[in-house]
Number of protein chains: 2
Amino acid sequence: MIESNVSDVNDSRAPTKDRILDAAEALFSERGFEATSLRTITAAAEVNLAAVNYHFHSKDDLIRAVFARRIGPLNQKRLESLKACLDAAGDGPVALENVIRAFVEPVLLLRRDPQGAAVGRLFGRTYADPSGAARRTFFDLMKEVGRPFTEAFRRALPGLNQVDLLWKMHFSIGVMAHTLAGAEHLTVISGGLCDLADVEGTLDRIVAYIAAGMRATPAKLNRS
Amino acid sequence: MIESNVSDVNDSRAPTKDRILDAAEALFSERGFEATSLRTITAAAEVNLAAVNYHFHSKDDLIRAVFARRIGPLNQKRLESLKACLDAAGDGPVALENVIRAFVEPVLLLRRDPQGAAVGRLFGRTYADPSGAARRTFFDLMKEVGRPFTEAFRRALPGLNQVDLLWKMHFSIGVMAHTLAGAEHLTVISGGLCDLADVEGTLDRIVAYIAAGMRATPAKLNRS
DNA sequence: GTCTATAGGGGGATAGAC
DNA sequence: GTCTATCCCCCTATAGAC
């Protein structure tokens, strides 16, 4: 009630830096990196244009910062869940579904709030986005989860060779990325019957689909 | 004798219009729509800048033309293959793997030549791309295959309800799109062990993965 | 730290000669 | 149909006042 500022709107203003990150995140996820100008970002954040060059050096560095802020905590959750399911397995077999869930659940849970949904879309889109800065940053930050999860999948699918495993992980990442990036499209097509806001239901569906795919055996791998 | 830095559009004198389409296709697939300027395209095509505005009205119309040229023939092949496998089934059950193959094979076969690979990447990327012109054109042109394939899947998976089917088709499109758009990434990660140039092998793998996923039953009870 | 103002470069699109 | 030349817009980044 003390706040009586000059101009309009909701002024218990977060730090400028965070306002820029929030706006950039939302706009990048909606329009892509190239199509989003710094002017649009600073207008949405209601900060000055020059602020983005003061707090971040350049647009590329802003893109990097947007990813860095989110991926760290996300991957920490994934690794914690993975550790939990490996501990539960002990020396016995690792449950495939649990490994998949450990990887998918944290990023799908983002969908619970609108800002998180933007993050999800952004990640999903980045897998297919050619933008240099985004791609490099994203994959650099994803390396830390790549190795332990590959190892966990190997334990959950004993007897599967390396090449088969990599292909299946690739397919599985596609399922996740496309679900994150293009889910509103599905909502429209289905006339609202398929709703990504139902996180638990979506999670059950996606885990079941991926698990079955990873267990599948290609029928005829050597054709004439 | 100016060397283009992207792909040689070296048909010694193909029509200007086609040279522009070829160059645009390759560049869009590598860098995205927003990041590719008309100047870059006309330089690669070794034609004049103004030619693109003469043959196509605008950049958006050029994007639409790039898609229109490829999607028509592609969908025709898909529908022919689908008809063949429905005819083979007669009144009996439809083989799920054949329906999947009818949809995936034509687009995967594009990978056999470099220009086709660009088309594949372009399609894969478009599923996640926010660009307005590309997205609308692409989905408009895909509508003609959407209905018959949905119907075929319903026949191949009797007893599956509409919502489950739509989710599974959504996941499956993700597998295909990601394979098309991000396969060279897999090639790098695997140290060349996974090679998308092996079209037949990739096709067997992807069909097996998707078929298993579509047959999967979500186990909604095992959440902790 | 935050603003105004502007530099400096590309971008899409068009006019008009040939 | 194809070229040159150009208009006018929007972009990123920076300089310098407050």
Side-chain angles (χ1 to χ4, degrees), chain A residues 3 5-28 30-66 129-134 136-137, chain B residues 1-2 4-6 9 11-28 30-67 129-134 136-137:
Chain A
E3 294 274 330
N5 217 334
V6 201
S7 56
D8 45 275
V9 284
N10 46 358
D11 293 25
S12 50
R13 293 176 67 94
T16 298
K17 199 169 173 177
D18 292 330
R19 295 176 65 86
I20 293 172
L21 285 172
D22 288 344
E25 189 170 80
L27 286 163
F28 285 153
E30 278 180 21
R31 313 182 187 181
F33 301 103
E34 309 279 352
T36 305
S37 71
L38 296 183
R39 281 175 167 77
T40 310
I41 292 169
T42 53
E46 294 174 36
V47 301
N48 189 270
L49 172 61
V52 71
N53 288 96
Y54 174 78
H55 288 285
F56 315 89
H57 290 170
S58 63
K59 185 177 180 178
D60 271 8
D61 282 350
L62 171 61
I63 292 174
R64 273 184 275 273
V66 166
D129 196 300
S131 168
R136 252 178 293 117
T137 305
Chain B
M1 303 312 157
I2 298 168
S4 159
N5 53 345
V6 173
V9 187
D11 314 16
S12 43
R13 227 343 93 167
T16 299
K17 200 169 174 178
D18 292 329
R19 295 175 65 85
I20 293 171
L21 285 173
D22 288 344
E25 190 171 78
L27 286 162
F28 286 153
E30 278 183 21
R31 314 183 187 181
F33 301 103
E34 308 280 352
T36 305
S37 70
L38 295 184
R39 282 171 168 81
T40 309
I41 292 169
T42 54
E46 295 173 36
V47 301
N48 189 270
L49 172 60
V52 71
N53 287 96
Y54 174 77
H55 289 285
F56 315 88
H57 291 171
S58 63
K59 185 177 180 179
D60 271 8
D61 282 350
L62 171 60
I63 292 174
R64 273 184 275 272
V66 165
F67 279 101
D129 196 300
S131 168
R136 252 177 294 116
T137 305

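Convention: sequence-line order gives letters A, B, ...; per-chain numbering from 1.
With rounding to whole Å, A:Leu38 atom CG is found 12 Å from D:dC10 atom C1'. The separation between A:Ile41 atom CD1 and D:dC11 atom C1' is 12 Å, rounded to whole Å.
At a threshold of 4.5 Å between non-hydrogen side-chain atoms, the residues A:Glu46 and A:Arg13 count as touching. Side chains of B:Phe56 and B:Lys17 form a contact here, defined as non-hydrogen atoms less than 4.5 Å apart.
Note on A:Ala51: nothing from the nucleic acid sits closer than 4.0 angstrom, heavy atoms only.
For residues 51-61 of chain B, the set of pairs meeting the side chain to side chain donor-acceptor pair (under 3.5 Å) definition, not counting sequence neighbours, comprises B:Asp61-B:Arg64.
Each of A:Lys59 and B:Val47 lies near DNA chain D, and the nucleotide nearest B:Val47 is the one positioned closer to the 5' end. In terms of position along DNA chain D, the nucleotide closest to B:Thr16 lies nearer the 5' end than the nucleotide closest to the other residue of the pair B:Thr16 and A:Ala50. For A:His55 and A:Leu49, each mapped to the nucleotide of DNA chain C holding its nearest heavy atom, the one lying further toward the 5' end belongs to A:His55.
With distances taken from any side-chain atom of A:Ser37 to the nucleotides D:dT4, D:dT14, D:dC11, the minimum falls on D:dC11.
Annotation for B:Thr36 and B:Leu27: closest pair OG1-O, 3.5 Å, computed over non-hydrogen atoms.
The outermost nucleotides of DNA chain C lying under 4.0 Å from heavy atoms of chain B, listed 5' to 3', are C:dG11 to C:dT14.
A search for side-chain contact (heavy atoms from CB on, under 4.5 Å) contacts involving B:Ala24 returns B:Phe28, B:Ile41, B:Leu62, B:Val66, not counting sequence neighbours.
With hydrogens and angles disregarded, a donor-acceptor distance shorter than 3.5 Å links the side chain of A:Thr137 to the backbone of A:Ala133.
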